[in-house]
Each structure stands twice: as structure tokens, then as C-alpha cells.
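Quick caveat, the model's predicted, so the values are computed rather than measured.
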Protein chains: 2
Amino acid sequence: MKVAILGYGTVGSAVVKFLLENDKLIRARCGQSITPVIALARSPKKNALIPITHSVAEILNADVDVFVELMGGVDEAFKIVSEILKKKKAVVTANKAMLAYHRYELENLAKNLAFGYEASVAGGIPIIKVLKEGLSANNILAIKGILNGTSNYILSSMSQKNMSFKQALQIAQNLGYAEADPTFDIEGQDAAHKLLVLSSIAYNLKAKPEDILIEGISEIAPEDMYFANEFEFTIKLLGIAKVRENKVELRVHPTMIDKEKMLAKVDGVMNAISINGDLLGESLYYGAGAGGEATASAVISDLMDIARDQVKAPMLGFVNTLEYKLLSKDEIYTKYYLRVKVEDKIGILSKITQLMSENNISIDSFLQKPKKNDENYSTLFFTTHLTYEKSIQNLLEILRKQDFIKTKPFMMRIE
Amino acid sequence: MKVAILGYGTVGSAVVKFLLENDKLIRARCGQSITPVIALARSPKKNALIPITHSVAEILNADVDVFVELMGGVDEAFKIVSEILKKKKAVVTANKAMLAYHRYELENLAKNLAFGYEASVAGGIPIIKVLKEGLSANNILAIKGILNGTSNYILSSMSQKNMSFKQALQIAQNLGYAEADPTFDIEGQDAAHKLLVLSSIAYNLKAKPEDILIEGISEIAPEDMYFANEFEFTIKLLGIAKVRENKVELRVHPTMIDKEKMLAKVDGVMNAISINGDLLGESLYYGAGAGGEATASAVISDLMDIARDQVKAPMLGFVNTLEYKLLSKDEIYTKYYLRVKVEDKIGILSKITQLMSENNISIDSFLQKPKKNDENYSTLFFTTHLTYEKSIQNLLEILRKQDFIKTKPFMMRIE
């Protein structure tokens, strides 16, 4: 089986190296060799192991069986992959952004063609295969995933080493875990793209990133970590997909979770996805969510599935007969954590609790941290019972207007 | 697709119920209905949802596409499954004992036939699919699994609730997590059967249960839990497959593991498998390892793969071109924990350490627990540096003969 590689960076070169060096293993496991014959790269590559071209037209005309798309980006990649599919060639891609926007158009084009995208979610963890095939007997009740290693590394550092967000980010950047502009990772966009891919397999949901609630981790403060620790929570950036009465809520945000949960124990740059199925109950999948070799592992497993001729299910797992609707953001119904900095004056706590009850928000726990000498404000921490997102957003809007509020109140959802 | 169910117990009835109630989901995901038409049962079944027969001959002649074998046992099941395969019919089985002894004969018979056995290892966790397909690009360096929920429940109870083995077993029996005769689970046989199946996919190893080291958890004492806790270990019954210089060690035994490892955090009846691949690094798969519905989840996913016509790889993942040999037990090379009860007399510690150094065993840590008033012996705890199994076994044999030894010394391996 001959393969063209579009994008010869960390992942592309790891794929090529493995395919060239492990022919015996590949033939033993899938009955034929998988040979990379040409790669597309924007810049010249020293020591490339296979011929490199800079021409998209040239690589699209290459005499190969499968095209591996590792360029990233949305529109150009979609255009190129569409052309490949129109030539009736199989595709393997790691491109979550393209899938977040164009997965249903791609599925239409890929009818009766193999289309692998294992590498697009959670790097080397075979979560696409697990969800689409391994758990195919389950009605999926919920998916909760640590889908972004950068954010998880930062949150782990803040929690375990008592760092501020800025300090933890700086170290992540120094170690190469965060990019110079980390926005995409820390503001939840990357996790959202992956969540959208998973939600299509589980629920056939056509949502795009702008349709769902996405919040990042940059406003989390050391005192939130303090509270979490006191109340036996761990803070994780989660992508959550959850069924409620034939609707599905999709959201990405920092989340307080019980520190005894398996997800809470996933530290550093690792990814993990917890899936709750009606037959199986909770299962969890843990591993490296990024890195050249880990991502190559997923790309090559897709290639081997194609070489074995065993890619038969529809690209997104479903023939379109199941109907789920996206739950609107306001309808989200969960528990909340609030951190409110207020002037240190009599009557303010009673004012806040009054505002909460006016918005039908019931308090589950409350903590006022002892004030340090040099502070002219008090920090109040609340958790609520189950309530609607709309109520919390109303409360936050009202709180922001109160003159006793020192800084913008901070809210986090609890699972 | 028509299916016959051989064995209508907890799993069989869960499979039938799901197939009958979820036709829409099944058709959406695999393009056709999967219909159970007849089941084999030894005793009459009240309220059975499909026709029941007591005749093996009758069910073997049923006009179906797939036979689901859920009878258990080794020889009779092997005979029946062989007959099915000779009729060129597909098979799905949950029978780990049959596979532990006959998987290679079955693979020979199953050439060009679908043969699913996802349910045979770790219940509903899709570990067979993960290893055979999801990680197909990896040379597997190690597999470490909590493969028996009964043992894990007992060890969790001993560790967290300070119980003796007997107390914990009693509670597990009361809750239905352990059988009246728990030998098969607590002595490691069940885990060994599963490990052998995994080792075939990863290494093409033809070993049988009697070829490998199998030790159970019944000799673990509360003081071993005390030591583990003091030295930041957790004790788990692990199935271990590990490559060393083109040989593979296979062993099942209680193991001291670093309590920060993900495997150490798997509590109660849950199963989890950690796999170390050369590309992906460590990944871990966690979920319910037993129970009617969880096991049915695996059985049905196999059926759906067959309905999708996507079972194309050889049954055990490999065409037989890779060669690994089983490492002999004596060659196992790891760290060890020793608990030795001795008379409380001068010079005994020095005698023991002398015996250790004569056997080339180097001490890594040592603990002597303060003696209680009513005890006329001392308990000594040692951990060693890396050493050979043969050296430890020699030492244990010599120690047993010493007159200062109060009870049989207890050894556990450390990972």
C-alpha cells in the first residue's frame, strides 16, 4: 500500500520513519507493506527519508493508495482533502480543526471510502476506535475528557506546586508544552474541536465550535486551587458531552471534580477520556494526547486498518437515523462554584445570599478565607446545589454591578 | 444477521435483551439488525425472550450467521466451537479458559472466519480491539493489568478498611463479588487466562497457564498493607507481560507498585490495563471487568463488527512471522519485598543480611516494626534492589530452614 504524506513536520516524519523501519511488524499485523513514497512540505527538509515536493498539485497526482493529511488549518486542508476524496482515494488525517468545521461534508464525500481520523482526538489514545467500535453497543450517556495536555499540565502545576497561572504557563512554554501564543490551548478551543468530533460519533451532533460553551483556564487563581483542595476537589479543563432528555449538552470549561474520580488523577500533559455507556458503565482511556510519536501511533493504526481492509463503518459511526439536539447554554443544569471578592463590611454576605435566593440558587457550601493583614477585601467561596446556567449568569451580572464587589466574580462548574 | 446464543445466563440474557430492545441503534451503527433466534441452556428458563433448546445438536444446526459461546469451561466449549468453525460460521466468545488452552487451534480453524473474543478479557473494556487494532503500530514493551475484579476488591478493602484477607473475602462473597469457592479468582488463574490471551496479540506467545508464574493474594497480611502504606506502595494483583531482549516474561502475582501510578488508583471491582508501546508510551484502559451488561457490551460490539463486515485481521492479530520466546521463571529480574518473622534475639538481622549477600541480593530498604507486648517475635521487612528470581527463591529456601524463623517468609515482587 503506497502512501503520500501531506505535511512533513514532527508527526509526518515520525510516521515515515516508523513505516520504513518496521516493515516486518506491519506485514505480520496487516498482511502487506505500507510504503511512504512522497511528502508535501512548505520548506526544504534536510535529511528527509523520502522525496519531498512543495507542490500540492504534484502530490495530488501521486500514484498512491492513501493520503495522510498532517498540515493542520481549516480551509486549505478541507479543500485539499475534498479533492482527494473526489479522486476516490482513502484519507487519514490528524486535523481536528478541519473536522470541527467540516466533518459532515467530509463524511458525505467519503462514502464508501476509508477515512481515518484517530489522530485528531487525544493523540495516540485510540478513542475514536473505542467510541465507534469498542463501545458500539452502548447508548452513550456522557463523555468527559481531559483533551488538552497543555492546560492539564498548567492546572497540575498550579495545584501541586502552588503556582500562579502565569508562572505555570511560563514553565509549560519553557518545556515546550505550551506554544508562544498559547490561546488556542488554554482558552479551550483545542479541546472543543476534539469534543465536537467525539460528539458526532456518540450523538450525530452537527454543532460547530461557535455553537457551544467554551471557557478557558486563564482566570483560575491560586485561591481556587486552595478551595478545591480544602473541599476535596481537583480542577480540570474538561470537554463534556452529556445526554439530558434527548438533548445533549456540549461544553468545555474548567471543572471542579471529586478528587477521588479517575479523571482527577490524570496529571501533567496526559489526556484521558471517561465514557459512560448504558451497558458498560464508566470506562476510561488514558495516554499521551500529543507528541510526534504518540500521534504517529494513531496515524499508522489508521493506515493498518485500511491495509487490512477493515474500515467499513460510516466515517462518523452512524447512518443518520438517530436524532439528538444540542441543549442551549441557558439550559445547562449543574452545580457551581463562585469566588467573590468583596469589601470587608457588615451585611455584604447577607446581601449576596439574598441575591442568590432571588435567583433560585441554593448554597451547598460556603467558605470565607481568613483575611491577610494587608488585604482590604474578603474572599468568599460558595458552591451551589443543582441550578440552571441562566440563573448563575443572571446572578453574576447583578453581582458585577454591586459597588461592594472588588473584582469580577469568578465562576466554575462542578461535576 | 441471525445469532444463536450458547449459554443463557447473566451475560446471555443481557445480550438477548439488548439486541431485542435496541434495533434502531444497531441498524444506525452497523446497517442491519442483529436478531437472536435461539439459545442453548442446560435448565429450563422462565420468561426467556427467545426460544430455548437443551440440545447442542439442535443449536448447531440452527440457521444462523453467528454463534455466541457463553458456556464457559475448556474442553466441551472447545469441541462445540470447533464444530461451528468447521461449518464455516462466525463465532463470538467470552470464554477465556478455552482461549488460554486452545487459542491457536481455534485460530487455525477460524482462518477467513470472523472470531470475536473481546468479552474474554476485562469484560466490557475493549482491550482486545485496542491491542489488536488501536495500538497496531506499536511494538508492545509491556502490559500490566488488573485483570481480576474480585482480587482487586479484596485488596482495596484490605488497604482502605484495614481488614484481613479473610474478612475482605467474606464481604466480597456477601456482595456477590466473590464466589463460594473463590480459588480461581484469588489464586491468579483467572488473571493468567486473560494475560495469556493478551500476550498472544502482543507477542504471538503460545504459552499455557502451567507454563507461567502464577501466585495469588491469599497470603497477603495486614502488615504487608502497613508496609506498603509506609513506603508509598499499593498492592495489586497484576498480570504482567514484559519484553526483555527478545524474550517475554509472563507472570501473575501480587505486586507492590508506586502509589502514584494510574494502576495504583484503580480501586474496588474495576479492571485496568496499562500498555507500554514504543511509539505511544504508556496508555491505560479502565472499566468494569465483569457483570452481565458490561460483558454483553463486549459481546455485542463483536457482533456489530461482524455485521459491519470489518473483522479482517487474523484472530490473534498476527500472521505468524514474529518470534518471541517465553522467559523462564528463574530469569525474572525485578525488585522484591520480603516479610520475615523471626525470634526476637540478638544477631538474627545480621544472619539474614549475610544470607542475602551470599545470594547476591542487595537491600534497598529495611523496616522493623515496633513489637507489641504480647508478641514473642519480630517482623522484619526488606525491599531489594534488582535481582534474579532464582536468587530470591534460593534465599527463601535457606531462610525456611533456619531455626530462628517463626513462620514461612513471605515475598512479593515490586514493579
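Looking at B:Ile26, B:Leu19, B:Val66 one by one, the single match for side-chain contact (heavy atoms from CB on, under 4.5 Å) with B:Met1 turns out to be B:Val66. Here the rule is salt bridge (Lys or Arg N to Asp or Glu O under 4.0 Å) with A:Asp305, and of A:Lys132, A:Lys312, A:Lys129 only A:Lys129 fits it.
Of all the listed residues (B:Ala298, B:Ser274, B:Ala294), the one sharing the greatest number of non-hydrogen pairs under 4.5 Å with chain A is B:Ala294. Contact count against chain B (heavy-atom pairs under 4.5 Å) is highest for A:Ala137 among A:Gly134, A:Ala137, A:Cys30, A:Gly291. Between chain B and the residues A:Gly281, A:Gly317, A:Pro314, the most heavy-atom pairs under 4.5 angstrom are made by A:Gly317. Chain B forms the most heavy-atom pairs under 4.5 Å with one residue out of A:Ser301, A:Ser136, A:Ser297, A:Ala272, and that residue is A:Ser136. With chain B as the partner, the residue from A:Asp267, A:Leu284, A:Ile128 showing the most heavy-atom pairs under 4.5 Å is A:Leu284. Contact count versus chain A (heavy atoms, under 4.5 Å) is highest, among B:Met304, B:Glu293, B:Glu260, for B:Glu293. Of the listed residues (A:Val299, A:Leu280, A:Ile300), the one with the most heavy-atom contacts under 4.5 Å to chain B is A:Leu280.
A donor-acceptor pair is defined here as one N or O able to donate and one able to accept, closer than 3.5 Å; such a pair exists between the side chain of B:Tyr117 and the backbone of B:Met315. Under a 3.5 Å cut-off, the side chain of A:Thr150 and the backbone N or O of A:Tyr177 do form a donor-acceptor pair.
Between B:Lys247 and B:Tyr324, every side-chain heavy-atom pair lies at or beyond the 4.5 Å cut-off.
When heavy atoms are compared at a cutoff of 4.5 Å, B:Asn138 approaches chain A by way of both its backbone and its side chain. Residue contact with chain A, scored on non-hydrogen atoms closer than 4.5 Å, is absent for B:Glu118. For B:Leu135, the parts lying under 4.5 angstrom from a heavy atom of chain A are both the backbone and the side chain. If you measure heavy-atom distances from B:Tyr285 to chain A, the contacts under 4.5 Å come from both the backbone and the side chain.
Taken from CZ in B:Phe67 to OG1 in B:Thr93, the straight-line distance is 13.5 Å, to the nearest 0.5 Å. The CD1 atom of B:Ile275 lies 7.0 Å from the CG atom of B:Leu198; values are rounded to the nearest 0.5 Å.
We find that A:Lys144 and A:Glu282 are not joined by a salt bridge, their nearest charged nitrogen and carboxylate oxygen being 4.0 Å or further apart.
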